[in-house]
Amino acid sequence: MSSPQYIEERPFKVIVAKIGLDGHDRGAKVIARALKDAGFEVVYTGIRQTPEQVARAAVEEDADVIGISILSGAHIHHIQRLMEKLKEMGADDIPVVVGGTIPVIDVDKLKELGVKDVFLPGESLRRITDVIRTLAEERRRKVRLL
Amino acid sequence: MGELYNKDEVEKIRKHIDKWESDVVPQWLKRVPERSNNFTTLSGIPIKRVYTPADLNNFDYEEKLGLPGEYPFTRGIHATMYRARLWTMRMFSGYGGPEETNRRLKFLIEHGETGLSLAFDYPTLVGVDPDDPMAEGEVGIVGVSVPTVVDMEVVFNGIDMGSVTTNMTINPPAPVLLSFYVAVAEKQGVPYNKIGGTTQNDPLKEFIAQKSYVFPPEPAVKVAMDLIEWSVKNLPLWNPISISGYHIREAGATAVQELAFTLADGIEYVRQLKARGLDVDEFAPRLSFFFDAHINFFEETAKFRAARRMWAKIMRDWFGAKKPRSWWLRFHTQTAGVSLTAQQPWNNIVRTAIEALAAVLGGTQSLHTNSFDEPFRVPSEFAAKIALRTQQIIAYETGVADTIDPLAGSYYVEWLTDQIEEEAWKYIDRIERMGGMLEAVKKGFPQREVADAAYRFQKDVEDGRRFIVGVNIFVENEVEDIRKVPLLEFDQKGIEERQRKRIAQVRSSRDQQRWSRALDELRKAAERGDNIMPYVLQAVKAYATLGEIMNTLKEVYGTYVEPPIY
Amino acid sequence: MSLNNSELAVLLDKARRGDLRATGKLLTIMEDPYRLPPEFFDMVASQAGRAHVIGVTGIPGAGKSTLISRLIPELRRRGARVAVIAIDPTSPISGGALLGDRLRMQDHAMDPGVFIRSVSTRGLKGGLSLAALSMIELFDALGYEKILVETVGVGQAEVDIMSAAHTILVVTMPGVGDDVQALKAGVMEIGDIYVLNKSDLPDAQKAYEYLSFALDKGELGSYDSGWTPKLFKVSAVMGQGMAELADAIDEHASYIRSIGLARLKVASRRLTLIRLMSERMLTVAVEEEFKRVKAELEAKALKAKGILAEASEVARRACKNLDNLPPT
C-alpha cells in the first residue's frame, strides 16, 4: 500500500554525482545549481566516485532520482556496475539519468541497462530539470514502503 | 608620448559621431530595430555600434604595440612570425596501451613528425595503477596507459629519444612520468642535454578547473616546483611547465578570467621559483603557456594580444627579468572543446575553423584543432584528419599568415585588447591582495568565479540571450544523422587486461629490497622537504609503479578533497 | 491519512537487521514525525537510549566534515557502528538546497557499519531540530553506538540539537583572527572537547597556546558536569591526532555515564522532542483553522475590529480541533 505521508510535502531529493576518474565537473555543477533553483534538494557527491559510493549515497539519502555525469568514455562499465549495486541494495526503483560525452549507440545500451534518459552535450537545462521532475513525481506516486 | 591620432581630428570625429547617433541612426532604428539592445562579448564586455579613433584616446603606438619581436610583443614574439615558420600543428592524441601508441608514434615519425604529444588515460592522469579498483573501465580510453617504466620503454621502442621531442599532458604525477621518460632515454644512451619536450605540470589550474588534483594545494605546488628546478639544472632542453588557461576556460570561465587566472598562476610560480634562489632569467625562458580559442572571434584574438603585453610587463617590471627571451609569452592553443555540440555534429568543423583562425591571428606558437566527433568519443582518424586539414587550409590557402598581426590597428580590436587587459589587471590585483593565486585557490576564489560564469552562460543560452546553432536556434531532430558519425572503436577490455598483467609481472620480477628501499628513501626525502625528483627517478629505476610512488607521496602530503563550491 | 502501523513495524525490523534501504526510508519518515502512529514512535524510542550522541559544531570552514570523515574509521576500529547526521547550512529562502557535506564523507561505501544522512532546513516543514532529534532516536534504536551530528552556527535549532548531545566537539582552525572571539559566536561555553584543526598551518602553535590559556582561565568550555574540557591539535586532512581525539570522546562518554548524566541527556532529548512536536501540532492546527476563516476575517481586519479577539478565537478553535488528535 502506498503511503501518503511518506510521499507528501517534501521537495524532491536528487543525487548528482560523477563516477570515474575524469574531473570535468562543469556540467554536474551547473545542473546541480539549476536543480536547486528549480526547488530540488540536491546532494552533490563530487568527483571520482565509485558506483558503490553513489548507490550507497542514494540509499542513505532516500533519493528520488540519481543523476550521473561521465565524460571519460567509461560510461557503460560504470553504469552497469551502478545498476547492479542499486539492485543489490533493493534500490533499483530509484530512476537513473546520465549525461556526458556519449555516442548515440551507447545511449541505446545505457537505456537497455535501465537508464531512464541520457543527456548529450548541448542539452537544455530546462529539459533536464523537466525530465528529472517527471521521474521524481512518478517514483513518488509508485513508491512502496516495503 | 606619441599619440596615434591628432587631438583635433579626434574631436572632429567625436562630434561627427554625436551627430550621426542623433540624426542618422534613429531613422534606421525606426525602420528595423537592432537585434539586441545589449550586445556583449562572451566575457560580457559591452560592444558599441561602431568604433573609431575616438575610442583609442591617447593611444601610444610604441608603448602599446611596438613591432613584432620587440617589447611589449603585442604583435608577436618573433620578428618574422609565420612568414618564416608556420605555427606547429601539434595534434594531441593517443589511446590504448603502450603497443598501440608505439605504432602510432612510429607512423607519425615516418610522416615527418618530430614533435610528439602523449595523451594519457585517466588512471595515469590521477596517478592510479591499472589494477586499482578505481581504474576499472577507464584504462586506455582517453589516452595511453603508462604505469611503469616498462610501459614507457614499450612506447618508445625503436624510437630514438634523442631526435624527437615529446609533449606530455600530465600534472600531479608529472615527476613520475618525466622520470619514466628520462630513465628510458638514459637506457637508450641519450645524454640529458639531448632530452627535449614538455610536461604540463601546472598544479594550480587543477584546483581551479581540470580537477585531476591529488595532493592539497601547497604540496602540489611544491612538487611542481621541484620538477621545474630539477629540469632547469639537469635537462637544458626540457620545458618543465605549460601554464594553462585552457582548462579554466573549458570549465566555464570568461576570456578575461582565463587570461587573468592563467597569468596569476604564472606569477605565483615565478615567485615560488625565485624563493628557491633561482635567477629569474635562468628559468623564465622555460615557462610556456596554453590557451583556449573560443568562438567569440575578435575577443579571442584580442585576448592573445593582451596576454603577451601583460606577461612582458610582469616579467620585465615586476620580476626584473633582463633577457628579452624571459619576457616572451610563448603559447600553445587548442580550439574550444566546450563549443562543440552533439547536435548537428558536422557544424563543429566550422566552429573549429573559426576558432583556429582566431588563434592564428592572435599569434599562437602551436595549435591543436578539435575533431567534430569529440562530443561523443575520442576522435576517429577520419575526424582528426579533417581537424588537421583545417589548420593546413588556414596556413596554406587563406593568406592570413603572410603578414604579421593583421588585425592590429582595427579600432575595435585595439579597443577590445585594452579592455580585456584592463579587466584582467583588476582580477590580478584582487588575487594579489589575497596573497597570490595559491592563497586565492585555497580560499576557493577562482573556483567560485568560474562556477558562477559557467552557470551564467548556461542561463543565457537557456533564456535565448546567447545562440548556439542546432541547440537553441535552427534546431533539427536528427538522431539518425548522428548515428552515422563513424566513431573510433577499440578493444578497451583487452587493453585493460593486458595492462594489469604487465604490471603484475613488473611487481613480481623486480628486486624487492631495492624497490622498498627506494620508496622508503622517497618518503623520507618528501618528509624532509627535499626536492623529490632524484628520489622519484631512483624509485622508477627500481621499478616502483606510478601508483606506488603517488601513494607514498600521499602518505606524506595528504590527499585533496574539494570543498563544496558550485 | 497516515502510515500503516504494521508496515512500519516490518520496515523497522528490516532496518534493525541491517537493510540500509529500509533505514533510509525510515529516516525520511522520521524527518517529520508528528503524524506518525504514536505507538510506532514509542516502539522506536523503546529500543533507543544507549547510543552516544556527539555534536560537532564550529565555524564554517573549520573542516568539520573532513574531521568527521577521518574520525569515522577511528571509531569503527573501536568496534562502534557510526551514524552521521550532516545538517547543511546552505538553505536559501527560495528554491531548493545544495547539500555538499557528503562530498567529504564518501569513503565508507564498503562498510555497512556506517550511515550518513544529509538534512537541510529547506525540506523540513517541522523544523530542523525536530527532524534531527527524531532521527537520532531512530539511529539509536537501530543500534548505532556513535551518532555524530554536524551543525554550523548558533541558531535556536542548533541549541536544541546540541542540548541533546552527550558530548560536544567544537572545531576551530588557526588564522581566523582572534580565535576566542571567533569561538564566542555562541559556542564558547558549550564544548566538552575543543579541536584545533588544520594544525599544519603556520599560526597553529600560537592559536593552540591562546586556546589553552582561555581553557585554563575557564573562559572556554563547559564545566557544569564537573568535566574538565580538553583541547586537541589535529590535522584532519592528514589524519593526524584522530586516535587521541577518539580516546577523549570515549573518555567523556564513560565519564557522563559514571555520573548518570548520559541517561538524563536521553530524557532531556525526549522532552525537547515533546516540546517541538507539540509546537508543530499547534502550528499546523492554527494554519488550518486560519485558512478556514481567512476570508470572513478579511473585512473585520480592514475595519480594525476585534483583531486580538479573533486571534484568541482562532487559537482556541485550533486547540479544540487538536482534540481530534492523536493522528488517526
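Proteins get letters first, then strands, A, B, ... in listed order; numbering begins at 1 in each.
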Exercise for review: Look at C:L27, C:I116, C:L20 and state which one has the largest set of heavy-atom pairs under 4.5 Å with chain A.
Suggested key: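 The candidate making the most pairs under 4.5 Å is C:I116.
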Exercise for review: Output the option from C:K14, C:R104, C:R102 having the highest count of non-hydrogen pairs under 4.5 Å with chain A.
Suggested key: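 Looking at each option in turn, the highest pair count goes to C:R102.
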Taking atom types as modelled and ignoring hydrogens, do the side chains of [X] and [Y] form a donor-acceptor contact shorter than 3.5 angstrom?
X	Y	value
C:S134	C:E31	no
C:S118	A:E61	yes
C:R117	C:T28	yes
C:N321	C:E289	yes

Are the side chain of [X] and the backbone of [Y] linked by a donor-acceptor contact shorter than 3.5 Å?
X	Y	result
C:R76	C:D111	no
A:D25	A:A28	no
A:R133	A:A38	yes

**Study point:** Those residues of residues 68-106 of chain A, ordered by number, that approach chain C below 4.5 Å (heavy atom to heavy atom)
**Key:**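 Heavy-atom contacts from residues 68-106 of chain A to chain C are A:M89, A:G90, A:A91, A:D93, A:I94.
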Exercise for review: Using a heavy-atom cutoff of under 4.5 Å, enumerate the residues of residues 111-124 of chain A that contact chain C, numbered in order, or state 'none'.
Suggested key: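 Against chain C, none of the residues of residues 111-124 of chain A fall inside the cut-off of heavy atoms under 4.5 Å.
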Review point. With sequence neighbours left out, what residues match C:K64 under side chain to side chain donor-acceptor pair (under 3.5 Å)?
Key: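 Residues passing side chain to side chain donor-acceptor pair (under 3.5 Å) with C:K64: none at all.
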Review point. Which residue out of A:T45, A:V16, A:T50 racks up the most heavy-atom pairs below 4.5 Å with chain C?
Key: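 If we count pairs closer than 4.5 Å to chain C, A:T45 comes out on top.
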Review point. Which of the residues A:V43, A:V14, A:L35 is involved in the greatest number of heavy-atom pairs with chain C at under 4.5 angstrom?
Key: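 Sorted descending by pairs with chain C, the first entry is A:V43.
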Practice item. Measure across A:V42 and A:K36 and return the closest heavy-atom pair with its distance rounded to 0.1 Å. Key: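 Residues A:V42 and A:K36, closest heavy atoms: CG2-N, 3.8 Å.
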Practice item. Identify the heavy atoms of A:A57 and C:Q106 that sit nearest to each other, and give their distance. Key: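 Taking A:A57 first and C:Q106 second, the nearest heavy atoms are CB-NE2, 4.0 Å.
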Review point. Measuring from C:M173:CE to C:L67:CG, what's the distance to the nearest 0.5 Å?
Key: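 Answer rounded to 0.5 Å: 13.0 Å.
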Review point. Sequence neighbours excluded, which residues qualify as ring pair (Phe, Tyr, Trp, His ring centres under 6.0 Å) partners of C:F115?
Key: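 Ring pair (Phe, Tyr, Trp, His ring centres under 6.0 Å) list for C:F115, sorted by chain: C:F139.
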Practice item. Answer with side chain, backbone, both or neither: which region of C:T23 has an atom nearer than 4.5 Å to a non-hydrogen atom of chain A? Key: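 Neither part, no heavy atoms under 4.5 Å.
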